[in-house]
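If you read the sequence from its start, that first residue is 1, and numbering goes on from there. Given the structure is predicted, the values throughout are model-derived calculations rather than measurements.
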Amino acid sequence: MAGLSFAELLAWCDYPNDWTNEIAEQECDALLASWLFAARPEQLAPDGDWRIWLILAGRGFGKTRAGAEWVRGIAERDGSARIALVAASLGEARSIMVEGESGLLALPAPAGRPVWEPSLRRLRWPSGAMATCYSAAEPESLRGPQHSHGWCDEIAKWDNSSGKAMSCWNNLEMGLRLGTHPRLIATTTPRAVPLVRRLIDAGPDVAITRGRMRDNRSNLPMRFLRDMRADYGGSLLGRQELDGELLEDAEGALWSRALIEQCRAAARAPEDDALARIVIGVDPPAGMAGDACGIIVAGLEKDGRAVVLADHSVEHASPEQWARAVAGAAEIWRTDRIVAEANQGGEMVRSVLRAAEIALPLRLVHASRGKAARAEPVAALYEAGRVRHCGLFARLEDEMCGLLRGGDYAGPGRSPDRADALVWAMHELMLGLRGEPRIRQ
């Protein structure tokens, strides 16, 4: 029965009613409110003289509850504690760490609930302890304040552009100089970003807890677990998001995850007037049996950099369905051109898109080289800092990191359909495919 909480063990053992009846009502309430009673062992702070506790686990593991309970325990024991609550944005710090279902305000509070002062971004406990919210997107806000403890949530999704995530962490650590034993907890779904790698390689100062979604199965709907396993089980995305694996780069890959993170921008797309062009790259499937239809929207900024805006790819779609998906993306993004690979039958692709009432200019491109050879100059654009990703595109990025020099593919699925669509879009925007389309006679 390893891995079960004390509460789950009692339920499993089915203690007799006379045992529970002997416990006074207020003692029962205190027991139910006790995190030591409800927590699984891996949700409790590890033993040892660690300075940073890193929880790397899949979604639904109970990371947020573990972080919130660790903060609550400190605040109730130490009235002098000054705690930093750091999330990707102030909105997430409030909605997840403070007001969320597993946040600080939702926890049982036998010693008294904290008072939330939103104008000050601050929680104040009856003991006198205080916690203040910060945004990782504003690293300078942590330059100056001093803390005794900190809780950093989802550090793998902090803004990595211009080194913001690392700067935020550095400023927080340098201000962690109150009390006799300053400590941090970082809770995150793992991704191979520089900050996560730094903590993993930091040595004995960092205690690491790993876990999977199914470790928390007693608190999650069985239907949800079954659906997640059916949809994502065995995939790279599932291994990362459900099983909490830190995915390493394939040897010889054209893109590394660290490179993509360096090119990641804010999730918000640029305003229309900031873009000189918007195109859609399409990699049509040969049939409905397996491959996806890659549909990637990309734009060209007025400063000459390209930006990936959206992934509208569809799987197991008929020609009519994927053509409608392309048409929908074109309408949403008001694109200038569609670039589609025509190796599977150029006129078929043209007629399918025309049937979807797409009136935009259409360029049909014929692949004369392998996917990796076409992708190499696009990867060079990333290395030069000339391409940005507006947000996280997990499936696209998994495919990009699976394209290997020499032509092999080590990513998810049979073919890098999304990555190929991205490559066609980037060739159109950045590498000279700019003539008007011609219709063969």
Side-chain angles (χ1 to χ4, degrees), residues 160-162 253-284 294-313 326 329-330 332-343 360-393 395-405 407 411 416-438:
N160 282 283
S161 60
S162 304
L254 291 176
W255 282 271
S256 70
R257 297 182 187 276
L259 173 61
I260 294 174
E261 290 299 336
Q262 290 173 10
C263 299
R264 197 178 308 286
R268 185 166 168 268
E271 300 294 336
D272 286 349
D273 58 6
L275 296 172
R277 300 185 67 204
I278 301 177
V279 302
I280 298 178
V282 181
D283 182 44
I295 305 171
I296 302 298
V297 184
L300 182 66
E301 296 182 303
K302 292 182 179 178
D303 64 2
R305 292 191 301 175
V307 57
V308 180
L309 299 169
D311 180 357
H312 288 272
S313 304
V326 174
I332 292 170
W333 292 97
R334 294 185 286 181
T335 52
D336 306 302
R337 185 184 299 276
I338 295 167
V339 186
E341 183 176 330
N343 283 31
L360 293 171
L362 169 66
R363 179 189 297 282
L364 296 179
V365 287
H366 293 266
S368 58
R369 297 183 295 164
K371 293 179 185 292
R374 292 195 304 273
E376 282 201 46
V378 177
L381 294 174
Y382 279 75
E383 292 171 356
R386 297 183 60 193
V387 184
R388 300 186 303 139
H389 282 202
C390 273
L392 173 66
F393 306 106
R395 294 193 174 189
L396 166 63
E397 292 164 12
D398 282 347
E399 291 185 7
M400 293 167 65
C401 293
L403 279 167
L404 309 182
R405 301 182 192 278
D417 310 291
R418 290 171 168 84
D420 217 26
L422 167 79
V423 166
W424 289 125
M426 290 301 156
H427 272 275
E428 170 69 23
L429 291 174
M430 304 287 284
L431 297 171
L433 297 181
R434 292 193 176 135
E436 291 297 318
R438 294 180 299 168

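- A pairwise comparison of heavy atoms in Ala421 and Gly281 identifies CB-O, 3.3 Å as the closest pair.
- Between the CD atom of Glu397 and the CZ atom of Arg418 there is a distance of 11.5 Å, given to the nearest 0.5 Å.
- Among Leu300, Val308, Val279, Ile296, the one residue that satisfies the side chain to side chain contact (heavy atoms under 4.5 Å, CB included) test with Met426 is Val308.
- Residues His366 and Ala342 come closest through the heavy atom pair CE1-CB, 3.8 Å.
- In terms of heavy atoms, Val326 sits closest to Ile338 at CG1-CD1, 3.8 Å.
- At least one side-chain heavy atom of Pro284 sits less than 4.5 Å from a side-chain heavy atom of Glu341.
- Residues Gly294 and Ser313 share a closest heavy-atom pair of CA-OG, 3.4 Å.
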So Asp303 and Arg386, salt bridge (charged side-chain N to carboxylate O under 4.0 Å, His left out) or not? Walk me through it.
CA-CA 10 Å; Asp303 64 2; Arg386 297 183 60 193; over 6 Å; no
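- The two residues Ala419 and Glu399 make their nearest non-hydrogen contact at N-OE1, 3.0 Å.
- Within the 4.5 Å cutoff, the side chain of Cys390 has heavy atoms near those of the Val307 side chain.
- Between the OG1 atom of Thr335 and the CG atom of Leu275 there is a distance of 12.0 Å, given to the nearest 0.5 Å.
- Expressed to the nearest 0.5 Å, how far NZ of Lys371 lies from CG of Asp420 amounts to 3.5 Å.
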Between Met400 and Phe393, does the side-chain contact (heavy atoms from CB on, under 4.5 Å) criterion hold? Intermediate values first, please.
CA-CA 10 Å; Met400 293 167 65; Phe393 306 106; over 6 Å; no
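- To the nearest 0.5 angstrom, Asp311 atom CG is 10.0 Å from His389 atom NE2.
- Proximity of Leu392 to Arg264: side-chain heavy atoms (C-beta onward) are separated by under 4.5 Å at one or more points.
- Residues Leu254 and Val378 have side chains not in contact (no heavy-atom distance under 4.5 Å, counting atoms from C-beta outward).
- Rounding to the nearest 0.5 Å gives a distance of 15.5 Å between CZ of Arg388 and CD1 of Ile260.
- Between the CZ atom of Arg374 and the CH2 atom of Trp424 there is a distance of 4.5 Å, given to the nearest 0.5 Å.
- When all heavy atoms are compared, the tightest approach of Gly304 to Met430 is O-CE, 3.4 Å.
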Would His312 and Ile332 satisfy side-chain contact (heavy atoms from CB on, under 4.5 Å), going step by step from the backbone distance to the final call?
CA-CA 11 Å; His312 288 272; Ile332 292 170; 4.0 Å; yes
